[in-house]
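Written out below as structure tokens is the structure these notes cover.
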Number of protein chains: 2
Amino acid sequence: MPSEEADTRGALVTAGRRLFAERGYEGATVRAITGAAGANVASVAYHFGSKEGLYLQVIMEVLSPLGERIQEVAAAEASGTGRIEALLQAVFEHLWDNPDQAQIMVEVRLHRADLLPQLAEMLAPMTTGLMQIVTEAQASGVVREGPPLLFVMSLMAQPVYFMLLTRRAPEGVLPANPHTAEGRKVYVDHMVDFALGGLAGTHRTEGR
Amino acid sequence: MPSEEADTRGALVTAGRRLFAERGYEGATVRAITGAAGANVASVAYHFGSKEGLYLQVIMEVLSPLGERIQEVAAAEASGTGRIEALLQAVFEHLWDNPDQAQIMVEVRLHRADLLPQLAEMLAPMTTGLMQIVTEAQASGVVREGPPLLFVMSLMAQPVYFMLLTRRAPEGVLPANPHTAEGRKVYVDHMVDFALGGLAGTHRTEGR
DNA sequence: GACCGTATAAAACGATCGTTTAAATCACGG
DNA sequence: CCGTGATTTAAACGATCGTTTTATACGGTC
């Protein structure tokens, strides 16, 4: 009977997730990963076939939870602006607790264009959830008319960008300390205000 | 008299800029860069001391133009929402024409935390220009009260994120073709609408 | 034409990369 | 307690990394 899930295998994924995010695919060496996992150099080839195999496994495991989280928000009942607020809150908090996620997503988009089709497939549950949230918000009048994808992009830009900028920012330059729950609330509140305003009717040239 | 600017030196910066952006610091090898530049392998060490030296030079050259562009927008006279619109237009178009810029900025932020202090220093003209635009917009009533940096982050998130997502997106999924000027106008118009709404008064729980 | 600092060239350096090999160890049913 | 497949280990593989070395070609000055 094959045991299918040894301890080293999980340790390799955990270490790979962290090191791929910190240093990128090329920067994270097999020896660094196996060293951090307390495993042998050959264990990557044995369990995943190659470094690339481990990378794909890491991507899959790292992307799933956020997609599920967004699906939950999309399925939850909320009135008017409540669902948008819940979405931004959930995405930002999730990305903050799992910085590997955003880093690996950006890394793939920047330097691994060959994996973009697979990435889009893995992100499918997330994008459908987002589109559902926006289209329903348009039906209820919270969001103005227009291609839903544009609003999805504008929405996601906020938590992703804020997470990347605040994660390792030096102290003193930020208006609130994101390492505390109260500090993060400042950013979430701002993102919600900004997004709700942006989603509503246009303010183009004339006031209101 | 030293010639100071040989042809190979410029070719190395050009090739390095492209390859560092495409493949990241670790992924872009010295041999690939010198090969693309039509130069010898030893030329990087000769002209820049090391691969790291070339990377720093590329960062400096790639960051300057956007900072100057934003300073121009900040200095230009524009009434009400015009300056915000000009800012988003300029940033998105500049990033679109120079994708290396955003890619390298993100790369440094993700995988080269050791360079963040130098990056912040190089970005100083850009951030001061952005802060000036926002604070003056607050004074004129276009932007509601609040820490200017939060609005700067929300503003920049839009063109950066849109550029990263639309640059290599497969055909058919996007609502407009960003490779044409007319298509990019769709994205810029949306970003302007979204941003102006987000910058104005809050739409929190009650309608309008 | 000899001289000299600058620049390019080819070749080699040690180090480290991902991967492979082959032996050792483990878990366990017969 | 032996056999057998699964796992781990140490060692080595060829390839490629960034860098150094050494020699050669170039452009002015005296």
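The chains referred to below are lettered A, B, ... by the order of the sequence lines, with proteins before strands, and numbering in each begins at 1.
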> Could you write nucleotides 14-19 of chain C as a row of B, S and -, 5' to 3', where a protein heavy atom under 4.0 Å of any base atom gives B, of only sugar-phosphate atoms gives S, and otherwise -?
Replying inline: ---BBB

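- With a 4.5 Å cut-off on side-chain heavy atoms, B/Arg112 and B/Leu119 do not count as touching.
- Side-chain N or O atoms of B/Gln71 include one that pairs as donor or acceptor with a backbone N or O of B/Pro125 at under 3.5 Å.
- What separates CZ of A/Phe48 from P of D/dA6 is a distance of 17 Å, to the nearest Å.
- In this structure, B/Asn40 atom CG and D/dT22 atom P are separated by 16 Å, rounded to whole Å.
- Between B/His111 and A/His111, the two ring planes are tilted [angle within 30° to 60°].
- Between A/Tyr187 and A/Phe162, the two ring planes are perpendicular [angle over 60°; tilted spans 30° to 60°].
- Atom OH of B/Tyr46 and atom P of C/dA10 are 17 Å apart (whole Å).
- For the pair A/Leu12 CG and D/dT9 P, the interatomic distance rounds to 11 Å; values are reported in whole Å.
- Residue A/His47 has a polar side-chain atom (N or O) positioned under 4.0 Å from OP1 or OP2 of D/dT8.
- The CD1 atom of A/Ile133 sits 14.5 Å away from the CZ atom of A/Phe151 when rounded to the nearest 0.5 Å.
- Between B/Val142 and B/Leu199 the shortest side-chain heavy-atom distance does not fall below 4.5 Å.
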>> What does the 5'-to-3' dot-bracket notation of DNA chain C look like when only Watson-Crick and G-U wobble pairs under 3.5 Å count, and pairs to other strands show as |?
In response: |.|||||||||||||||||||||||||||.

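- Ring centroids of A/Tyr25 and A/Tyr55 are separated by less than 6.0 Å, placing the two rings close together.
- Screening B/Val188, B/Asp193, B/Val73, B/Val192 for a side-chain contact (heavy atoms from CB on, under 4.5 Å) involving B/Glu85 leaves a single residue, B/Val192.
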